[in-house]
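As the structure lists them, so they are numbered: ligands from 1, and atoms in each ligand from 1. In this text the structure is predicted, and so the values were computed from the model without any measurement. Residues: numbered from 1 along the sequence shown.
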Amino acid sequence: VLGIYVHFPYCRKHCPYCDFAVHARKEIPHQRYADAVARELAEAAPSYSGRTVGTLYFGGGTPSLWTAVGSVIDRVRREFPCDFREVTLEADPLDLVPERLTHWRALGIDRLSIGAQTFDETALVRIGRLHRPADVVQGVRAARNAGFANLSIDLMFGLPGQNLAMLDRDLDQLLQLSAEHVSLYGLTLEERTPFFRLHQAGQLAVPSSDEQADFFERICARLRGAGYEHYEISNFARPGYRAVHNRLYWTFGEVLGLGASAHSHRRVGEVSERFSNVRSVDDYFAHLGRESLHASPRASYEQRGPEECARDALWLGLRQLDGIERAAFRARFGRDPAEGEAVEKLVRLGLVEVTEERLRMTDKGVLLGDEVALTFV
Ligand code: SF4
């Protein structure tokens with residue numbers, strides 16, 4: 001099963017903590033961008049022949065702004081056999097209005113990933129978001145009325161000035177919405193962002209890494225207590241609602257990424273290909289505007305051999321709290337995932353445990369999840 005990811009690189013404004021390749025433009029070239037994505041899709045489809053598309057994910061940027069999203073879905077249906085198990089659109093709460101929601105449902109979109117971030121109005125202003133907490137509450141209600149039965153909510157933590165009491169209030173409000181899925185994002189200060197520069201200049205205080213760890217523990221405890229399964233380091237779901245598309249990344253599945261800065265993964269026999277597109281949307285248009293037969297907008301291409309594939313599958317698989325099934329891994333990669341220096345070191349540190357059937361992170365490992373992953377990279 002193939003997953004298709006489509007990146008939409010436009011936003012209403014550029015948030016001061018975000019280092020994604022996004023453009024805040026008054027005039028978004030909706031159809032021109034859709035045409036470019038359609039052309040990239042047509043060019044890429046033959047190299048993925050024989051696959052059935054099982055998931056479609058519109059990410060960004062702010063794809064809920066995109067008026068031409070339907071033409072891309074049509075094009076996917078024309079290029080590939082499709083048996084959609086999940087079609088997700090990332091949505092700004094400001095876009096959750098009845099007409100758009102009904103339109104998305106009619107297009108076959110069945111899951112929304114809503115960028116709530118926090119329910120603290122002051123914190124929302126401080127991080128430069130344009131929506132307000134009431135927009136999330138109204139938007140979720142409107143999405144339910146339009147028939148969306150699968151909603152995911154993004155929650156940020158570690159925000160400037162945040163303390164545990166504020167986080168608890170955020171969680172109270174989040175839980176009242178009864179979303180099927182929750183994704184967590186700890187605020188990180190990325191170089192080249194205004195937040196990074198303000199922090200360097202001593203004008204922006206953010207919680208320490210110890211406080212961040214406390215926040216993460218509190219979130220895990222409260223979401224688990226409310227019946228959510230903590231199934232991946234940063235993701236929680238009601239039973240039956242684990243993200244299908246994202247699981248492809250953690251299980252080393254195939255994904256075709258379309259649009260500026262999108263990443264792809266394709267298997268060719270024993271090896272695996274990873275490639276990414278140019279970051280800038282202007283470069284993307286320039287590549288796909290050419291009249292050549294090969295208008296590939298690739299910025300990078302890498303072939304990974306069997307041992308590298310096994311290593312990738314290991315650290316990606318460990319992100320899931322169920323871990324890795326040893327027999328399935330052995331069948332796929334020809335070796336036991338519990339072997340090797342990196343895993344032995346993690347076991348010694350008490351971050352990973354090995355049972356007869358599985359390899360998985362311990363509770364301590366989950367708290368230090370990104371460091372566990374880095375051991376393999
Ligand atoms: S809306 Fe999201 S993608 Fe767009 S600038 Fe803000 S954080 Fe980045």
Side-chain angles (χ1 to χ4, degrees), residues 5-30 33 37 57-69 72 88-97 100 104 111-136 139-140 143 151-160 162 170 174 179 181-199 204 206 212 234-235 243 245-246 249 257-263 276-282 284:
Y5 171 85
V6 184
H7 187 78
F8 183 74
Y10 299 99
C11 290
R12 288 186 165 84
K13 64 172 278 209
H14 206 143
C15 303
Y17 57 87
C18 175
D19 76 335
F20 287 179
V22 296
H23 303 261
R25 303 236 171 101
K26 279 226 170 65
E27 298 297 323
I28 294 174
H30 293 274
Y33 190 70
V37 167
Y57 190 105
F58 292 93
T62 309
S64 54
L65 289 171
W66 200 4
T67 57
V69 72
V72 177
T88 303
L89 179 88
E90 289 181 357
D92 184 323
L94 292 173
D95 295 323
L96 299 176
V97 293
R100 284 193 208 198
W104 294 333
R111 182 173 183 268
L112 297 174
S113 173
I114 301 169
Q117 320 307 1
T118 169
F119 297 88
D120 182 313
E121 187 147 350
T122 310
L124 275 175
V125 173
R126 210 176 276 156
I127 63 172
R129 304 295 301 215
L130 295 172
H131 72 270
R132 295 294 164 260
D135 296 317
V136 181
V140 166
L151 300 178
S152 179
I153 295 196
D154 290 350
L155 183 76
M156 288 181 77
F157 66 99
L159 303 172
Q162 193 173 38
D170 259 1
L174 172 79
H181 190 277
V182 176
S183 292
L184 295 185
Y185 296 88
L187 178 71
T188 49
L189 297 169
E190 305 290 348
E191 274 183 60
R192 298 192 307 258
T193 61
F195 262 25
F196 182 82
R197 289 191 288 277
L198 281 172
H199 184 65
L204 181 78
V206 292
Q212 292 251 26
S234 306
N235 288 283
H245 179 82
N246 288 355
Y249 298 107
L258 302 167
S261 82
H263 287 64
S276 66
N277 285 350
V278 289
R279 229 174 112 87
S280 134
V281 74
D282 293 330
Y284 182 73

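Taking every heavy atom of Gly61 and a limit of under 4.0 angstrom, the matching atoms of ligand 1 come to 3 (S). Taking every heavy atom of Lys13 and a limit of under 4.0 angstrom, the matching atoms of ligand 1 come to 5 (S). Each of the following atoms of ligand 1 lies closer than 4.0 Å to a heavy atom of Tyr17: 7 (S). Counting the atoms of ligand 1 from 1 in the order shown, those under 4.0 Å from a heavy atom of Val22 are 3 (S), 5 (S).
For the 3.5 Å distance criterion, the side chains of Asp170 and Thr118 qualify, holding a donor opposite an acceptor.
Of all protein heavy atoms, the one lying nearest to atom 2 (Fe) of ligand 1 is Arg129 NH1, 3.9 Å. Nearest protein heavy-atom neighbour of atom 8 (Fe) of ligand 1: Cys18 SG, 2.3 Å. At the top of the distance list for atom 5 (S) of ligand 1, counting protein heavy atoms only, stands Cys15 N, 3.3 Å.
In terms of modelled atom types and a separation under 3.5 Å, the side chain of Ser64 and the main chain of Asp92 share a donor-acceptor contact. Under the 3.5 Å distance criterion, the side-chain polar atoms of Arg111 are left unmatched by any main-chain donor or acceptor of Ser152. Between the His23 side chain and the Ala21 main chain, no donor and acceptor come within less than 3.5 Å of each other. Side-chain atoms of His131 come within 3.5 Å of backbone atoms of Ala116 as a donor-acceptor pair (strictly under, hydrogens ignored).
Contact between Arg12 and ligand 1 is absent, with no heavy atom of the residue lying under 4.0 Å from the ligand.
Within the coordination shell of atom 8 (Fe) of ligand 1, defined by N, O or S atoms under 2.8 Å, His14 is absent.
Rounding to the nearest 0.5 Å gives a distance of 9.0 Å between CZ of Arg129 and NZ of Lys13.
With a 4.0 Å heavy-atom cut-off, ligand 1 is reached by the side chain of Cys11 but not by its N, CA, C or O.
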**Request:** Start with the C-alpha gap between Trp66 and His30, add the side-chain angles, then the distance that decides, and say whether side chain to side chain contact (heavy atoms under 4.5 Å, CB included) holds.
**Result:** CA-CA 6 Å; Trp66 200 4; His30 293 274; 3.6 Å; yes
